Amino acid sequence: IGFNFEGVDYVYNCLPFGLRTSAYAFAKLTAVTAEVLRRSGLVTALIVYLDDFGGSIGPVPDHPRMARIVATIESFGWALAPEKLCIGLGTRLKLLGFMLDTGSMTIGVPDSRRDKLRATAELVLANHGAVRVRTVCQLVGQILSLQLSLGLVCRLRSRYLLLAVRDAARAQNYNTVVPILGRALDELHLWAGSLTHLPEEPMYTHMRRADYVLECDASDHALGAIVVSAPQSSFVGACFHRRLRDDEAQWGSLLREMTGYRDAVLTLARRAHLRGTMVEVVGDAQSAGYVFANGGSQVVDERTGLLLILEALLDIFAVAEREGFEVRFRWVRRCFIQDADDLSKFVDPMDFSLAPDWLAYVRQHFGPWDVDRYASPSNATCSRFNALFDSVLVEGVNALTQDWRGSVSFVLPNFHEIDKILDIIERDDADAVLIVPEWPYQTWWRRLHSAAWARRVAAWEFVSGAALIPNTQDCFFGSHFTTRLLILRVRAVGSHAGTI
């Protein structure tokens, strides 16, 4: 490698790393040598990166063949370093800073690189209250350089470290000090203490058929997912749905989509035995494909200071690791997940609740209760609840199919199902706090006032319809419910009872 200036030839005596074109020129020259070796048939496989050559001649030792390979390389003028030359037959080879193991077909990390990374992590940990930005950047660089061997965990578990030094790095203040706290400190503990326990990556990852396929979408007010493929037919068609909280509804589309994927995977993991399976999440957000492939995002939530997109992805991978299944993402156009899109836009006209002060009043005078039978994650009055659709925290779907025995149920129902609810209370001889509208012309109203029900009612009270508030703009009664409500404390037959 050299150049001519004013009739004089200049040749470098060492690699000219300061010259921007040096790597390009060097790679062009080694590529010629590599092409000759490949065409000669002397090698069955060959990898070349700058001055590193790694290859194979097959499973049988052939010393004359190896000698010809070495001679070919030297014929181009390359000087081979004896201490780095490995021409014996083996299944483990150090190449480009990694350990290639053709026995286990994995890419490992040499002990020297592990020790270096661990030492840097321990240095940062020892000074985590005030550590130099340059040292943290060195640590993150060492972590990311191992992604080929350790996989996506390198990106997943270094983003908060990057966040801790982001402002200083942008200002080029590498000699200033910053504290490493919170989630960044958790990442630091991982690399300082658990490096030896991280599994090595396979050389080849084969695309396996998905066992469960979840089609997911998120609208501006809700999340929806449908199981379209599963080993058990009973799971096919299962629907997951959750209305977004007010703060979630303000999020960007990608974060809403990732939250929906997380909810869908976590809900499926609660309902199905997923160990050893592949779960495929199908969505129409192309940016989500980038997030899955690159281990999250550096987008910071201004309110919490957290990387919420990363947090959603970490939750998905955490449950996959805990339950022993794999998960991947596949992008499709929206038209191919239309059912999930429609589900995410579903609005329940019977989505209403008691106003907070009225709920406290009912809890004090008619409670307590164990299970909220008509609820959702956004308006449940206790930790155990049933809902119209399955979701992460839902105990059971469809209150009418649940067993009400052995607990006290809070029932603020779909007003079209009150007759069926009375059937269930009689069938299970259930204890319940039941709230119904004063609709005297309904058959269930006369039933509540019958002698058969008089012995079940332990207490009752009429309250204003203003106690009821809508949870959506599409609630069937608009913004004000004008009919009085009847609150009943229903006990199993044989309990002390009164009459309405």
Side-chain angles (χ1 to χ4, degrees), residues 348-376 379-388 395-471 475-477 480-500:
D348 182 7
M350 288 289 174
D351 190 359
F352 47 79
S353 305
L354 287 179
D357 54 340
W358 278 107
L359 177 61
Y361 177 85
V362 173
R363 196 186 300 274
Q364 179 181 355
H365 291 85
F366 293 88
W369 50 82
D370 308 308
V371 185
D372 191 340
R373 294 297 177 183
Y374 282 80
S376 69
N379 63 16
T381 61
C382 56
S383 59
R384 297 176 57 200
F385 64 94
N386 303 151
L388 182 61
E395 182 177 284
V397 178
N398 189 354
L400 300 178
T401 64
Q402 306 301 313
D403 188 341
W404 291 25
R405 290 172 293 186
S407 61
V408 180
S409 300
F410 177 77
V411 189
L412 179 58
N414 178 333
F415 291 160
H416 300 306
E417 297 181 348
I418 295 177
D419 256 326
K420 297 177 182 178
I421 291 168
L422 301 187
D423 289 342
I424 291 177
I425 291 175
E426 292 179 355
R427 181 198 70 190
D428 294 339
D429 198 18
D431 288 330
V433 177
L434 175 63
I435 303 175
V436 297
E438 186 183 17
W439 288 350
Y441 297 106
Q442 296 294 323
T443 57
W444 53 262
W445 183 263
R446 293 190 293 272
R447 184 175 174 184
L448 282 174
H449 289 73
S450 67
W453 264 78
R455 58 196 183 118
R456 291 185 181 275
V457 179
W460 59 274
E461 181 179 348
F462 282 102
V463 299
S464 168
L468 215 59
I469 56 173
N471 292 324
C475 186
F476 82 96
F477 60 79
H480 301 284
F481 191 69
T482 57
T483 304
R484 288 197 305 173
L485 297 173
L486 175 61
I487 306 173
L488 302 140
R489 182 61 168 91
V490 181
R491 299 193 186 278
V493 174
S495 301
H496 177 70
T499 58
I500 302 177

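The first residue of the sequence shown is numbered 1, and numbering continues consecutively from there. On a predicted model such as this, the values are computed, not experimentally measured, just so you know.
For E395, the salt bridge (Lys or Arg N to Asp or Glu O under 4.0 Å) partners are R384, not counting sequence neighbours. In this view, N471 and D351, S353 satisfy the side-chain hydrogen bond (donor to acceptor under 3.5 Å, both in side chains) rule, not counting sequence neighbours. Residues satisfying the side-chain contact (heavy atoms from CB on, under 4.5 Å) criterion with T401, sequence neighbours excluded, are N398. For S376, the side-chain contact (heavy atoms from CB on, under 4.5 Å) partners two or more places apart in sequence, or in a different chain, are S378, N379. Judged as a side-chain hydrogen bond (donor to acceptor under 3.5 Å, both in side chains), and not counting sequence neighbours, D370 has no contacts. Residues passing the side-chain hydrogen bond (donor to acceptor under 3.5 Å, both in side chains) test with Q402: none are found, sequence neighbours excluded. Residues satisfying the side-chain contact (heavy atoms from CB on, under 4.5 Å) test with L388, not counting sequence neighbours, are F346, D348. Residues passing the salt bridge (Lys or Arg N to Asp or Glu O under 4.0 Å) test with R427, sequence neighbours excluded: none. Take H416 and apply the side-chain contact (heavy atoms from CB on, under 4.5 Å) test, not counting sequence neighbours, and it matches M350, N414. In this view, W369 and T381 satisfy the side-chain hydrogen bond (donor to acceptor under 3.5 Å, both in side chains) rule, not counting sequence neighbours.
Here OH of Y374 is found 13.0 Å from CZ of F410. Values are rounded to the nearest 0.5 Å.
Using bins of under 30°, 30° to 60° and over 60° for the plane-to-plane angle, the ring pair F415/W439 lands in the perpendicular bin. Under the 30°/60° scheme for interplanar angles, the aromatic rings of W445 and F462 are found to be tilted.
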Exercise. Should E417 and L400 be marked as a side chain to side chain contact (heavy atoms under 4.5 Å, CB included) after you check the CA-CA gap, both sets of side-chain angles, and the distance that decides it?
Worked result: CA-CA 9 Å; E417 297 181 348; L400 300 178; 3.7 Å; yes

Exercise. Could you walk me through whether V493 and R456 pass the side chain to side chain contact (heavy atoms under 4.5 Å, CB included) check?
Worked result: CA-CA 6 Å; V493 174; R456 291 185 181 275; 3.2 Å; yes

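The side-chain contact (heavy atoms from CB on, under 4.5 Å) test with L488 is passed by exactly one of L434, I435, V411: L434.
Sorted by first and then second residue, the salt bridge (Lys or Arg N to Asp or Glu O under 4.0 Å) pairs with a member in residues 432-453 read D419-R447, D423-R447, E426-R447, E438-R484; sequence neighbours excluded. For residues 457-469, no pair satisfies salt bridge (Lys or Arg N to Asp or Glu O under 4.0 Å), with sequence neighbours left out.
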